[in-house]
Amino acid sequence: MVRAEGGVAVIVLQWLTALLLLLGAILGFLAAVGVLRFPDTLVRMQASSKASTLGLACLLAGTALQFPEVSVIIRLGSIAAFVMLTAPLTAHIIARVTLHRRTPLWEHTVLNEHEPDQCASEDEGANARG
């Protein structure tokens, strides 16, 4: 058995780091597979925004545990903040463009809460005001 400084704490930290990095890589891979395999834009959007964001959070947490310097933590926090702020906005924009272009939904879609003309009427109202 290899003993390092700190003993059990170092081993637990290394295992936790490895687990977080592996989980982040798996979630990122599943997000990529979801984008390739899911049938329509809205379902693909869900896969890319949720799984990749959670995967990146796990990767950043694992990296923070491995490199506990303040400068690294600040950089990782900045990356996390940027992704957490932009991923929902990007997903929202993709959904609105999909509805505006009237892209057909998957035939097994159970619920569509948006009327086909809803985006067009909102755009016409915005053009009339501005």
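Keep in mind that this is a model prediction, so the values were computed, not measured. Numbering of residues begins at 1 and proceeds along the displayed sequence.
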Inter-residue atom distance [X].[atom1] - [Y].[atom2], 0.5 Å rounding:
| X | Y | atom1 | atom2 | result |
| --- | --- | --- | --- | --- |
| Arg101 | Thr41 | CZ | OG1 | 8.5 Å |
| Leu54 | Ile26 | CG | CD1 | 12.0 Å |
| Ile93 | Thr98 | CD1 | OG1 | 11.5 Å |
| Leu36 | Ser48 | CG | OG | 11.0 Å |

Subject >> For the student: nearest non-hydrogen atoms of Arg44 and Gly34, plus distance >> reply: CG-O, 4.1 Å
**OP:** Of all the heavy-atom pairs spanning Ala31 and Ala47, show the shortest one and how long it is.
**Re:** CB-O, 3.7 Å
Establish whether [X] and [Y] are linked, either directly or via other cluster members, by ILVMFWY side-chain heavy-atom contacts under 4.5 Å.
| X | Y | answer |
| --- | --- | --- |
| Met45 | Val35 | no |
| Leu22 | Leu30 | yes |
| Leu23 | Ile79 | no |
| Ile94 | Val43 | no |
| Leu76 | Phe67 | yes |

Original post:
So, do Leu59 and Leu27 sit near enough that their side-chain heavy atoms are less than 4.5 Å apart?
Top reply: no
Original post:
Got more than 12 heavy atoms from elsewhere within 6.0 Å of CZ, Arg75?
Top reply: no
